[in-house]
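Working notes, structure below.
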Amino acid sequence: MATIRPSRGAEHTAILGVGAYRPSRVVPNAELVEAIESSDEWIQQRSGIKTRRWATPDETVQSMAVAASRDALAKAGVDAPQIDCVIVATVSHMLQTPAVATLIAHELGTDQAAAFDVSAACAGFCHAVGMASDMVRAGSAGHVLVIGVERLSDLTDVGDRGTAFIFADGAGAAVVGPSETPGIGPLVWGSDGEQYDLIRQREDWREVIASESPRMPHLVMQGNPVFRWASFAMAKVGRQALDRAGITAEELDCFVPHQANMRIIDALARSMKLPDTVRIARDVADMGNTSAASVPLALERMIREGDARPGDTALLIAFGAGLAYAAQVVTVP
Ligand code: UT7
């Protein structure tokens with residue numbers, strides 16, 4: 001039997017640079033409350049959200065992803081042709097096929113990098129960072145560009161009390177590449193399909209077409225069960241990611257959870273018993289819930305504002321529709 005030569009890559013990997021694109025239009029709670037019979041006070045109390053960004057017509061999934069990617073590439077000091085693979089985590093690219101990743105790779109000038117989309121909702125970015133790290137260590141790619149991008153305003157029913165004030169738009173990106181020391185810890189990930197219906201597109205495309213008055217199949221969410229699942233089950237996942245990376249809570253500098261709700265962020269930090277010294281991402285207050293974009297957006301902000309410094313140890317954790325979740329410890333670039 002012939003022997004197939006195994007593929008080997010870098011011994012260690014790291015995030016080399018993080019970039020972001022925040023849409024220009026700021027939408028305060030006041031603009032949304034009338035249609036859902038709510039109030040600025042209720043929204044702030046229950047979710048911690050004050051404003052969010054909604055993309056203008058020319059701020060597309062592609063254009064926001066390209067802008068965030070250029071920022072990440074510049075910060076990493078990596079040129080587009082050095083990228084061997086582009087992974088885009090999104091649920092709001094409006095074509096079933098092909099993936100938006102190939103268009104983004106082409107616009108960036110990556111020299112025909114492999115490119116594909118990942119559908120893991122809010123957990124997509126952490127899934128993609130884990131895959132990118134494994135690819136670089138296995139030798140399938142030298143550098144991987146990971147993007148989390150959403151235009152959830154297209155999928156949001158502004159008359160739905162359960163979601164209208166939550167979902168928002170934006171893009172974040174990270175370059176994953178080789179490193180002298182381990183910069184991306186083991187990926188802890190999983191799913192719970194028993195809770196498939198808790199957050200979902202309301203109807204599938206065949207049901208939309210068959211209906212008498214076809215309408216956009218908006219996202220719907222049973223918020224409270226998701227809230228309880230995220231607050232408790234995800235603390236266990238976060239602790240597993242720390243344990244598998246051999247990091248104690250005391251050694252952690254930053255906590256960058258999915259930006260879904262300020263109360264979930266606080267509950268996670270409490271049940272993981274994170275010390276007060278750990279700096280916590282709270283981007284949700286100004287950005288709402290940007291699903292796959294939320295973790296890279298929050299991390300980029302912490303770096304830009306000096307709350308996450310080069311060499312710091314950060315725990316990333318993301319969770320959402322599926323239900324799907326993923327977490328890992330990383331070194332801040
Ligand atoms: O990104 C993917 C993962 N997603 C998440 O992690 C989101 C998780 N869920 C949440 O963030 C929260 O469940 C929400 C912020 C969506 C809702 O907060 P909650 O504390 O779970 O509220 P609730 O759904 O239990 O509703 C409490 C009350 C109800 O009234 P009664 O029955 O107590 O009289 C609702 O009818 O608030 C009422 N309510 C509202 N009131 C004003 C529900 N929505 C609204 C609203 N404005 N928009």
Side-chain angles (χ1 to χ4, degrees), residues 27-52 89-92 118-127 148-153 155-170 172 189-193 195-202 218-235 237-238 256-269 271 281-285 287-298 316-327:
V27 180
N29 291 339
E31 201 176 314
L32 305 176
V33 291
E34 199 183 319
I36 54 172
E37 290 177 46
S38 188
S39 67
D40 178 36
E41 193 192 3
W42 190 93
I43 295 172
Q44 287 204 42
Q45 258 178 18
R46 295 285 171 145
S47 70
I49 300 171
K50 295 177 184 162
T51 63
R52 75 281 296 137
T90 190
V91 296
S92 42
V118 166
S119 177
C122 306
F125 180 81
C126 290
H127 278 65
V149 57
E150 301 291 4
R151 240 182 88 110
L152 293 180
S153 56
L155 293 169
T156 302
D157 177 351
V158 291
D160 175 18
R161 294 185 106 195
T163 55
F165 63 95
I166 292 177
F167 295 135
D169 306 338
W189 58 348
S191 68
D192 180 2
Q195 307 201 69
Y196 189 79
D197 286 331
L198 290 188
I199 315 172
R200 55 166 294 161
Q201 182 174 315
R202 192 165 40 207
H218 290 126
L219 297 175
V220 286
M221 175 169 74
Q222 295 176 43
N224 200 262
V226 176
F227 180 93
R228 283 185 271 118
W229 169 77
S231 301
F232 298 107
M234 291 304 101
V237 171
V256 191
H258 169 46
Q259 303 291 295
N261 183 318
M262 200 68 89
R263 288 158 58 215
I264 296 176
I265 295 171
D266 289 332
L268 285 176
S271 46
R282 298 185 179 283
D283 202 33
V284 67
M287 288 297 289
N289 179 342
T290 57
S291 189
S294 93
V295 166
L297 278 169
L316 313 183
I317 180 164
F319 43 83
L323 299 174
Y325 56 87

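Numbering of ligands and ligand atoms starts at 1, following listing order. Because the structure is predicted, anything quoted here is derived from the model rather than measured. Nothing fancy with the numbering, it's 1 onward along the sequence.
Under the 3.5 Å distance criterion, the side-chain polar atoms of Ser231 are matched with a main-chain donor or acceptor of Phe227.
Atoms of ligand 1 lying under 4.0 Å from at least one heavy atom of His258, given by number and element, are 1 (O), 2 (C). Those atoms of ligand 1 with a heavy atom of Gly223 less than 4.0 angstrom away are 8 (C), 9 (N), 13 (O). Under a 4.0 Å criterion applied to the non-hydrogen atoms of Val226, ligand 1 contributes the atoms 3 (C), 4 (N), 5 (C), 6 (O), 8 (C). Of all atoms in ligand 1, listed by their number and element, those nearer than 4.0 Å to a heavy atom of Phe165 are 15 (C), 48 (N). The ligand atoms of ligand 1 that sit less than 4.0 angstrom from a heavy atom of Met221 are 4 (N), 7 (C).
Thr156 approaches Ala164 most closely through the heavy-atom pair CG2-CA, 3.8 Å. Across all their heavy atoms, Gln195 and Trp229 have their closest contact at NE2-CD1, 3.7 Å.
The CD1 atom of Ile36 lies 8.5 Å from the CG atom of Asp160; values are rounded to the nearest 0.5 Å. In this structure, Asn289 CG and Ser47 OG are separated by 10.0 Å, a value rounded to the nearest 0.5 Å. From Gln259, atom CD reaches atom CG of Asn261 across 10.0 Å, with rounding to the nearest 0.5 Å. Distance check: Ile264 CD1 to Phe319 CZ gives 5.0 Å after rounding to the nearest 0.5 Å. In this structure, the separation between CD1 on Ile265 and CE on Met234 is 14.5 Å, given to the nearest 0.5 Å. Interatomic distance, SG of Cys122 versus CZ of Phe167, reported as 6.5 Å (0.5 Å rounding).
Ligand 1 has no N or O atom lying under 3.5 Å from any N or O atom of Ile264, backbone or side chain. For ligand 1, the polar-atom distance check finds an N/O of Asn261 within less than 3.5 Å of one of the ligand's N/O atoms. Checking only distances, Ser39 never comes within under 3.5 Å of ligand 1, N or O to N or O.
Residues Ser92 and Glu150 bring a donor and an acceptor atom of their side chains to less than 3.5 Å of each other.
The heavy atom nearest to atom 36 (O) of ligand 1, out of those in Gln222, Gln45, Met262, Arg161, is found in Arg161. When Leu219, Leu198, Asn224 are ranked by how near their heavy atoms come to atom 23 (P) of ligand 1, first place goes to Asn224. Of the candidates Cys122, Ala260, Ala121, Cys122 brings a heavy atom nearest to atom 2 (C) of ligand 1.
Scanning all protein heavy atoms for the shortest distance to atom 47 (N) of ligand 1 gives Ser38 OG, 2.6 Å. Scanning the protein for heavy atoms near atom 16 (C) of ligand 1, the closest one is Ile166 CD1, 3.5 Å. The nearest heavy-atom contact from the protein to atom 18 (O) of ligand 1 is Arg263 NH1, 4.0 Å. Of all protein heavy atoms, the one lying nearest to atom 1 (O) of ligand 1 is Asn289 ND2, 2.6 Å. Nearest protein heavy-atom neighbour of atom 22 (O) of ligand 1: Arg46 NH1, 3.5 Å. Looking at atom 39 (N) of ligand 1, its nearest protein heavy atom turns out to be Trp42 CZ2, 3.3 Å.
Residues Met221 and Ile166 are in side-chain contact: their nearest non-hydrogen atoms beyond the backbone lie under 4.5 Å apart. For the pair Thr51/Glu31, no side-chain contact is recorded, criterion being any heavy-atom separation below 4.5 Å from C-beta on. The shortest distance between side-chain heavy atoms of Asn29 and Ile49 falls below 4.5 Å.
For atom 33 (O) of ligand 1, no protein heavy-atom neighbour is present inside the 4.0 Å cut-off. Distance remark: protein heavy atom present below 4.0 angstrom from atom 9 (N) of ligand 1. Distance check for atom 4 (N) of ligand 1: a protein heavy atom is found below 4.0 Å.
No heavy atom of Ile43 sits closer than 4.0 Å to any atom of ligand 1.
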